[in-house]
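The next block holds one structure in the form of structure tokens; read it before the comments.
Just so you know, residue 1 is the first one in the sequence shown, and it goes up from there.
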Amino acid sequence: ARAQADDRVRGGKGSVGLALYGGGNHAFLTANGTLRGLEAHRLPDGRSPVEALAYMSSNSGGSWFNFAFNFAGFDQSVPGGGHTAPFTLLDVRTNDGAPTVQPYPDQITSQDVNELAKTSLAYSLILDPSWHVLFQAVLVQIIGKIFPFHQAWMDYVAQLYLVPHGVPVRRMLAESESAAQAAVLADPSLSVDDFTWPRRGPTPVAVLTMVAPANAFTHFTKGALATGKYLWENNLGGKPGFINTEGFESLLGPSVQARQEAGGITAVPFTVSTVTAGTWYERHREGTPYQMGGGSGSCASEPLYFPMTPAPPHKFVLPSGCALCCVSAPRLTVKAVVGASSSAYEAADGAMWAVCKPCSWWWEGWLRSLAVKLNTDVTPRAQRAEQLSGAPVARTLNYGDGVIVDNTAIIPQLQRNVEHILFPNTPYSHYKHIYAAARAGGGDASARLPAWIAASPFGTDFWSLFGWVSGAPIALQPASYLISHVFEDGHARLLELMVHLDKLYEAGLPMVYTLKRLRVAENPFWGTEPYECSLTVIFYYLAPAFGRAVGEADNGVEWDEAKGQFRAPYQDVPTLKMVGQDLRSQPLKFSGGCIPRLNLDGYTNGQINLSNYLATWTVDQAWGPLMVDGQVVFEGIGPILERAAAAAPAGPAAVS
């Protein structure tokens, strides 16, 4: 068995991880297409490439997919868990039982475009949850203090993305059946029936954010905003740009100084895997644990102390003995983890928190109703000075979407010292517009970089990993990104990425590129250690070769050569919106009477299928080397995963 409560053992030399970013259905579809592309191949030893991955980290919509894929069809009576076959979940075509990347673009039929199996994970993306969302939103506005919006959100996520695929949402996480049995031996109050474990393959990891102690929610939020504001004004001069580390001993020096000068408060990164749950905040500090909190006259009666030792997820319990104001689930279940990882209310309402009166009873209660609450004796804890040597004191803490600290889900891979990280990404606009915007002002590549960043081929969270701050910290999310600066030489490495992605785009090739030997900094907020890794970006754009081939087939899909995209109704593929394509153009709709409903209709079968075929084609085309003008620009996804398979011949389900 692995070391107890340590899921870092799969990292290190030869390890490869997959990071799935957050962004609702948009992120879910990107993850689904990526896994579909990987499953359509096989490694030399006959295994799926997915089994060679050490970790699958995720946030928000990426977590919906991560936990649906890894726990679907769990059956405790079947050895290994009896999970649903990936072919079924991903709707991968097979030829006599063997996977294949068919249909090729020029062989996509009308049936291929319009039919989507209900057993497919992507089927959840066509469903309409609008009545449920609107009903809950109205109740929160009316009785925000007592209504458990977070509970409704967890139920919504579970019913839409997990339950239809047989995910046991009320069970706790374990790495394997033997790990569950060990937990039962240590605690007879538990039963193996309380646990679920993932399929053979990567260890799933969800990103959360510990927002604040529940009794000081607004105070800690305002403190985190103040930290971000300090760095924005004193280091960046109130303008977007790279954090200036000149004169500081470490890469994170400016962020640490901002925390100290602004009151010592930030949001706290928190991850949950099948092995551990917790934070590594300040884990490098020796001696007395780091103290966060304080500020005279605040609502916070006691500070938080760090670090805490990550513990098995079943050690975490949710508040008991509560009425409507608390979460009803008794344990840190699959539903609680996935729901908390995607509960974005805190990020969305951060601007409102900034102007709230710290001890306002009504505002405090309303905001508390949005956060998932955990109560455990192993969380960062409140203790008076004389209690430091004693037992931990249980405390209720508020949790929210990992988007607040790292929407890319890349940093959890760095925490675990993964050597090579795969990061698939789909932009929200066609790359031709991004490409044109970066060149509108002229100049050399270095001069174009800020315009390229502003055109947003990736989100602000991705830039923050390299030390770029995109805007004023008016909400908790942008204020917290300053603690996620992990890669050194940010300007040079982003410039390298832009130049090579553009080179592939100009050649009409899949945009896949590896930033090699990225230097990771020691980050006290996340607990990362200095080492070198590689980051492969798989950037999904509508390559003309794919679009033309699909348009030439007899399937009803038309290709617009002048615009470089499909014609309606597929013109948005693959740049689909976060939730539903018609949400902004028609936010309310009336059907079945006069009661309005939020228009959250999911994607169409055609949008889903074409996006999946594009991802499958991209992975297939980039399985081997990508060459421009006789030069290898990218070595290939296949060789990366083949090396990982040679380094780690067995997945976690085989460990006992």
Side-chain angles (χ1 to χ4, degrees), residues 209 211-212 216 218-269 281-282 284-285 290-298 300 303-304 306 346-347 350-356 358 403-407 411 446 449-450 453-454 459-494 519-528:
T209 303
V211 181
T218 307
H219 166 72
F220 269 77
T221 302
K222 287 174 68 68
L225 285 165
T227 299
K229 182 179 179 181
Y230 180 92
L231 184 136
W232 171 254
E233 294 177 349
N234 293 276
N235 186 273
L236 292 151
K239 298 179 180 179
F242 287 98
I243 296 174
N244 181 16
T245 60
E246 185 177 353
F248 290 92
E249 294 183 359
S250 67
L251 186 70
L252 273 292
S255 299
V256 173
Q257 181 190 59
R259 177 184 63 182
Q260 294 170 342
E261 297 296 329
I265 295 175
T266 68
V268 178
Y281 197 104
E282 290 284 357
H284 297 300
R285 183 182 291 264
Y290 176 78
Q291 176 179 321
M292 176 190 285
S296 60
S298 72
L304 296 178
F306 295 91
E346 301 87 349
M352 181 178 65
W353 296 351
V355 298
C356 289
V403 67
I404 297 172
V405 288
D406 174 30
N407 195 40
I411 304 184
S446 183
L449 181 60
I453 291 174
T460 55
D461 46 312
F462 182 80
W463 312 128
S464 70
L465 305 182
F466 296 84
W468 176 275
V469 178
S470 295
I474 60 173
L476 185 60
Q477 181 178 350
S480 299
Y481 281 162
L482 68 94
I483 71 175
S484 297
H485 187 185
V486 288
F487 294 133
E488 297 183 2
D489 303 320
H491 180 275
R493 303 319 300 265
L494 287 181
R519 293 204 301 267
V520 179
E522 181 176 308
N523 184 311
F525 306 98
W526 282 88
T528 60

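- Side-chain contact between L231 and T227 is absent, with no heavy-atom pair separated by less than 4.5 Å.
- Pairing each heavy atom of V405 with each of T209, the nearest pair is CG2-OG1, 3.4 Å.
- Contact annotation: the side chain of D461 approaches that of Y481 to within less than 4.5 Å [non-hydrogen atoms, C-beta and beyond].
- Atom OG1 of T245 is separated from atom NE2 of H485 by 7.0 Å, given to the nearest 0.5 angstrom.
- Under the 4.5 Å side-chain criterion, counting only non-hydrogen atoms from C-beta, T266 is in contact with Y281.
- N244 contributes no side-chain N or O that, together with a main-chain N or O of N235, makes up a donor-acceptor pair within less than 3.5 Å.
- One finds the CZ atom of F487 at 13.0 Å from the CH2 atom of W463 (value rounded to the nearest 0.5 Å).
- Taking both residues in full, the closest heavy atoms of I404 and S480 are given as O-CB, 3.1 Å, listed atom of the first, atom of the second, then distance.
- Between L482 and P473 there is no side-chain heavy-atom pair separated by less than 4.5 Å.
- Contact annotation: the side chain of D406 approaches that of L465 to within less than 4.5 Å [non-hydrogen atoms, C-beta and beyond].
- Judged purely by atom type and a 3.5 angstrom limit, N523 has no side-chain atom pairing as donor or acceptor with the backbone of S484.
- F462 and F466 make their closest contact through O-CD1, 3.5 Å (heavy atoms, listed as atom of the first residue, atom of the second, distance).
- Of all non-hydrogen atoms in F248 and G253, the two that sit nearest each other are CD2-C, 3.5 Å.
- The distance from atom OH of Y230 to atom CD of E261, rounded to the nearest 0.5 Å, is 4.0 Å.
- Across every non-hydrogen atom of T528 and A521, the tightest pair is OG1-O, 2.8 Å.
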Quiz item: Can you check side-chain contact (heavy atoms from CB on, under 4.5 Å) on T460 and N407, steps first, answer last?
Solution: CA-CA 9 Å; T460 55; N407 195 40; over 6 Å; no
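- Listed by chain and residue number, W468 satisfy the side chain to side chain donor-acceptor pair (under 3.5 Å) test with S470 (two or more places apart in sequence, or in another chain).
- Listed by chain and number, the residues in a side chain to side chain donor-acceptor pair (under 3.5 Å) with S255 amount to none (sequence neighbours excluded).
- Residue F525 holds its CZ atom at 11.0 Å from CD1 of I411, rounded to the nearest 0.5 Å.
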